[in-house]
Amino acid sequence: MEQSAGQSAGQGANFIEEIISAHVAAGRPRVVTRFPPEPNGYLHLGHAKSICLNFGLALKFSGAVPTQCNLRLDDTNPAAEEDEFVQSIKEDVRWLGFDWGEGLYFASDYFEQLFEFAVRLIRDGKAYVDSQTPEQMKATRGDFHTPGVNSPFRDRSVEENLDLFGRMQAGEFEHGAHVLRAKIDMASPNINFRDPPIYRILHADHHRTGSKWRVYPMYDFAHGLSDAIEGVTHSICTLEFEDHRPLYDWFLEALGFEEGARPHQYEFSRLNITYTVLSKRRLQRLVYEGHVESWDDPRMPTIAGMRRRGYPPAALRHFCERAGVTKNNTLMDVGHLEHALRETLNATCRRAMAVLRPLKVVVENLPEGHVEWLEAPFYPAEEEGALDLGARRVPFTRELYIEREDFMEVPAKKWFRLSVGAEVRLRYACLLTCHAVVKDEGGEVVELRCTWDPASKGGTPADGRKVKGTLHWVSATHGARADVLLYDRLFSAPSPGEGKGDFLEDLNPSSLEAVSAVLEPALLDVPPGEVVQFERLGYFCADVKRSAPGAPSFHRTIGLKDSWAKVAQG
RNA sequence: UCGGGAAUCGUCCAAUGGUAGGACAGCGGAUUUUGGUUCCGUCAAUCUAGGUUCGAUUCCUAGUUCCCGAGCCA
């Protein structure tokens, strides 16, 4: 969040920063933004981008003028909104690393004022109660090619409108009987101007105002006015609201908010990422139809899901920062996200060894019952002067496990892992040569007979001979058996549902696989929520939900880059 | 084709009349007790056609393609 304090946006500033820079340069006294989610679902990566943008802007310009970014829950539709979502939203924004200070608001805080604003519009002849049925309204709205026609109720008197609106709120009418509409222009080429509804009857209790209200304001009416009430200067939203902007301005104008002191709306394009879905509707289906366990299923692109998966907040922030802010239609390669993830994890995670698919190795020239505790650092010494952040001891015994895929009976070309007659290094331990395989009745390799070179203890041979392959391993006698969950992308198509009827047809059937792994002893101390690199495999997170004290339950956050896989493919 | 938007390497983002640059991905190499990391190198783009200009990604004209909009959702 360092960057020159916004005096001049400078090179690489996005278009919104440039606009704000110009405003600040022209003497605007403050910058106020807001993040306005509707509490009817969990926040996802698309929201993260908006959060980083809005809160990031307040941070960026704080050196130039007083700034603030509010968190406003846009709770104007009690039918869908729940307090559970309010809590998760607050938690997610905080976890991402942002602070709304005193600026926690609810659109429902303004219901009283909003109602008064509506009454004012009626008094000014700028709003009326329409008593057409929803079907009639739809039919008289016209379409892209034909203008709408005026409602027969359009010219009701102010008194009648006031009376009806009051009785709507008094609960005298059923949902759908009447609606309050702004009186604008039924022939406008912008359909949002064709007398948009601004208040509807909803006999639903609200999570904060209870049963007080029987009419609730619509988005177009409530949003801009809430911005104005809060003193928001820059109201940032996504592109689909672009042609709502004239309406946003219309309400502010109609209610006398002076140009120059009122908020303005700016739009940027929403985030799309390959192999995932980021629409609230689709995420709801995944949860409610049971395709995932919950909103925080580690395969979900929700912030809660990604947190549980093992994403550090910095990875999300870096990703959003690099994704940029424009009005282009984009589909970002998920590789950008994965890169931000690995980059962050690589810099912070401890290393340890675990074997996902164990194959037994017997070190024949080691005595039965032999145990030697070898020291292994938690962090690789990448550079000179790198901090030594501790080490653990790993038991070396006669019977070990290595990764099944690290042995090949008939070695492929460029294979420098284990095969009969080949020598490899066991990381931190020694050089090891395989002499024979033991197979079961089915002909499957179940055990390798090997010998170690005692003059290579620690992994460095006395004669300095080169060994290309280094394998991870775990003692068969000291290793702990544990189920490890391997998550993969939720969808197998870059654009789920594209060209198909339903995005669910592209669900990846193997997005979750459980393996019975063997963990080195030090892994048993990993606290829930921590991510550790299992060397040569990837980053694994001790799940906050499934772990028990002293018995972490790991899942894969993301694998390491695997250039051998490419070589092997040819 | 009614209105509103957008078009730059495979992907994302810069360049605001003066050498089209960065990141991700890819490819090649060096280093490496993780086929990881790191480092070096390399491939690769201005939607099209006209025009203005010494010079156009940028300005003008015409076209093309894509996205959004007809909830009492947000």
Side-chain angles (χ1 to χ4, degrees), chain A residues 11-14 18 36-38 40 74 76-77 79-80 130 133-134 137-138 141-148 175-181 188-194 196-202 215-216 218-220 222-223 237-246 267 269-270 274 280-281 319 321-340 342-343 346-347 351 353 376 380-383 414-417 424-429 431 456 458-460 467-472 533-538 559-568:
Chain A
Q11 298 234 324
N14 66 54
E18 284 177 355
E38 182 189 14
N40 72 342
D74 211 349
T76 56
N77 186 351
D130 194 357
T133 64
M137 275 187 61
K138 182 178 169 63
R141 186 155 30 230
D143 60 27
F144 296 148
H145 304 282
T146 48
H175 168 69
H178 308 282
V179 65
L180 184 69
R181 290 229 250 177
S188 174
N190 181 346
I191 290 181
N192 295 306
F193 264 19
R194 321 246 261 229
I198 59 180
Y199 261 94
R200 78 289 216 189
I201 296 167
L202 245 31
V215 290
Y216 291 91
M218 302 281 293
Y219 168 86
D220 282 313
H223 199 89
C237 61
T238 43
L239 245 32
E240 66 269 27
F241 293 100
E242 217 153 15
D243 49 18
H244 290 239
R245 188 182 344 123
E267 312 86 14
S269 55
R270 57 190 318 147
T274 54
K280 197 176 279 184
R281 200 196 93 249
F319 170 74
E321 180 66 31
R322 288 168 199 167
V325 179
T326 66
K327 300 177 87 137
N328 300 344
N329 299 320
T330 60
L331 177 59
M332 277 199 91
D333 193 313
V334 71
H336 285 105
L337 214 211
E338 295 176 341
H339 175 260
R342 290 196 183 97
E343 177 186 44
N346 176 56
R351 319 282 142 128
M353 293 193 289
E382 297 292 359
E383 300 156 30
K414 291 191 184 169
W415 177 261
F416 44 86
R417 275 121 96 152
V424 296
R425 171 169 28 242
L426 294 183
R427 190 142 162 90
Y428 308 126
L431 263 36
S456 66
T460 312
V467 177
K468 273 191 145 182
T470 298
L471 310 187
H472 60 280
Q533 185 194 106
F534 290 0
E535 295 209 57
R536 300 212 309 133
L537 296 173
L560 252 27
K561 280 210 286 188
D562 186 359
S563 53
W564 164 247
K566 287 173 196 160
V567 176

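Convention: sequence-line order gives letters A, B, ...; per-chain numbering from 1.
The same atom, C1', is picked in B:A14 and in B:C54; the two are 27 Å apart, to the nearest Å. B:C66 sits 41 Å from B:G29 when the C1' atoms are compared, rounded to a whole Å. B:A44 sits 24 Å from B:A30 when the C1' atoms are compared, rounded to a whole Å. Between B:G10 and B:U46, the distance separating the two P atoms is 8 Å to the nearest Å. Between B:A45 and B:U32, the distance separating the two C1' atoms is 35 Å to the nearest Å. B:U11 and B:C43 have their C1' atoms separated by 15 Å, given to the nearest Å. Spacing between B:G26 and B:U65 at atom P, rounded to whole Å, works out to 34 Å. Distance check on atom C1': B:G22 versus B:U61 gives 34 Å, rounded to whole Å.
Although no hydrogens or angles enter the test, the distance criterion places no donor-acceptor pair under 3.5 Å between the side chain of A:Asp243 and the main chain of A:Asn190.
Counting distance only, with no hydrogens placed and no angle test, the side-chain atoms of A:Asp243 and the base atoms of B:G3 include a donor-acceptor pair under 3.5 Å. Side chain A:Arg342 to base B:U37: no donor-acceptor pair is found below 3.5 Å. Taking only distance into account, the side chain of A:His336 meets the base of B:U11 through a donor-acceptor pair shorter than 3.5 Å. With hydrogens and angles ignored, no donor-acceptor pair under 3.5 angstrom links the side chain of A:Arg536 to the base of B:G35.
Distances were taken from every side-chain heavy atom of A:Asp333 (C-beta onward) to each of B:G36, B:U11, B:C66; the shortest belongs to B:U11. In this structure, the nucleotide among B:C2, B:A74, B:C13 sitting nearest to the side chain of A:Pro189 is B:C2. Side chain of A:Asp143, nearest nucleotide from B:C13, B:A70, B:G35: B:A70. Side-chain proximity of A:Met137 to the nucleotides B:C2, B:U11, B:C72 is greatest for B:C72. Comparing B:A74, B:G36, B:C13 by their nearest atom to the side chain of A:Arg200 picks out B:A74. Looking at the side chain of A:Lys566, the nearest of the listed nucleotides B:C68, B:U16, B:C27 is B:C27. For A:Pro380, the side-chain atoms get nearest to B:G36 when compared with the rest of B:C72, B:A74, B:G36. Taking every side-chain heavy atom of A:Met218 into account, B:C73 is the closest of B:U34, B:C73, B:G5. Side chain of A:Ser563, nearest nucleotide from B:U34, B:C13, B:G36: B:G36. Of the candidates B:U37, B:A74, B:C24, the closest approach to any side-chain atom of A:Lys561 belongs to B:U37.
A:Arg425 comes within 4.0 angstrom of a nucleotide base, judged by non-hydrogen atoms across all strands. A:Thr76 comes within contact range of the sugar-phosphate backbone alone, with a heavy-atom separation under 4.0 Å but no base atom that close. When heavy atoms are screened at a 4.0 angstrom cut-off, A:Glu38 is found touching the sugar-phosphate backbone but no base atom. A:Asp74 comes within 4.0 angstrom of sugar-phosphate atoms only, judged by non-hydrogen atoms across all strands, and of no base. Using a 4.0 Å heavy-atom criterion, one finds that A:Pro134 contacts the bases of the nucleic acid, with or without backbone contacts as well. At a threshold of 4.0 angstrom between heavy atoms, the contacts of A:Arg427 include nucleobase atoms, whether or not backbone atoms are also involved. Counting non-hydrogen atoms under 4.0 angstrom, A:Tyr199 reaches nothing in the nucleic acid. Counting any heavy atom pair closer than 4.0 Å across all strands shown, A:Thr460 reaches a base atom. Counting non-hydrogen atoms under 4.0 angstrom, A:Gly176 reaches a base of the nucleic acid. Nucleic acid contact class of A:Leu331 (heavy atoms, under 4.0 Å, all strands): sugar-phosphate only. Here A:His223 lies out of heavy-atom contact (under 4.0 Å) with every strand. Here A:His472 lies out of heavy-atom contact (under 4.0 Å) with every strand. Residue contacts for A:Tyr216: at a heavy-atom cut-off of 4.0 Å it reaches no nucleic acid atom on any strand shown. When heavy atoms are screened at a 4.0 angstrom cut-off, A:Lys138 is found touching the sugar-phosphate backbone but no base atom.
Regarding A:Asp220, its CG atom lies at a distance of 12 Å from the C1' atom of B:G69, rounded to whole Å. The nearest whole Å value for the distance from the CZ atom in A:Arg194 to the P atom in B:C2 is 13 Å. The distance between atom CG of A:Asp562 and atom C1' of B:A25, rounded to the nearest whole Å, is 16 Å. As rounded to whole Å, 11 Å separates atom P of B:G71 from atom NE2 of A:His244.
Nearest-nucleotide mapping onto RNA chain B: of A:Met332 and A:Asp130, the residue sitting toward the 5' end is A:Met332. In this structure, A:Gly142 and A:Trp415 both approach RNA chain B, and ranking their closest nucleotides by distance from the 5' end singles out A:Trp415.
The only member of A:Arg536, A:Glu535, A:Arg351, A:Arg427 that meets side chain to side chain donor-acceptor pair (under 3.5 Å) when paired with A:His472 is A:Arg536.
Contact check for A:Glu240 versus A:Thr238: side-chain heavy atoms found under the 4.5 Å cut-off. Put simply, the side chain of A:Glu267 reaches to within 4.5 Å of the side chain of A:Arg245, judged on heavy atoms. No side-chain heavy atom of A:Tyr219 sits less than 4.5 Å from a side-chain heavy atom of A:Asn77. Within the 4.5 Å cutoff, side-chain heavy atoms of A:Leu202 are placed close to those of A:His175. Proximity of A:Phe319 to A:Leu337: side-chain heavy atoms (C-beta onward) are separated by under 4.5 Å at one or more points. A:His223 has its side chain out of reach of A:His244: every pair of non-hydrogen atoms, C-beta onward, lies at least 4.5 Å apart. In this structure the side chain of A:Glu38 never reaches within 4.5 angstrom of the side chain of A:Thr76, judged on heavy atoms.
Among the duplex regions that RNA chain B forms, those built from at least three successive Watson-Crick or G-U pairs under 3.5 Å are B:2-7 with B:64-69, B:10-13 with B:21-24, B:26-30 with B:38-42, B:47-51 with B:59-63, ordered by first number.
Taking the 5.5 Å centre cut-off and the 30° plane limit, the aromatic side chain of A:Phe144 is not classed as stacked on B:G3.
By the 6.0 Å contact criterion, CZ on A:Arg270 is open, its count of non-hydrogen atoms from other residues, nucleotides or ligands being 12 or less.
The shortest distance between the side-chain N/O atoms of A:Arg141 and the OP1/OP2 oxygens of B:G71 is below 4.0 Å. In this model, the phosphate group of B:C13 is approached by a side-chain N or O of A:Asn328 to a distance below 4.0 Å at OP1 or OP2.
Across all non-hydrogen atoms, the minimal contact from A:Leu431 to A:Gly459 is CD1-O, 3.8 Å.
For A:Arg181, the salt bridge (charged side-chain N to carboxylate O under 4.0 Å, His left out) partners are A:Asp130, not counting sequence neighbours.
Anti is the conformation of B:G28, whose glycosidic angle sits further than 90° from 0.
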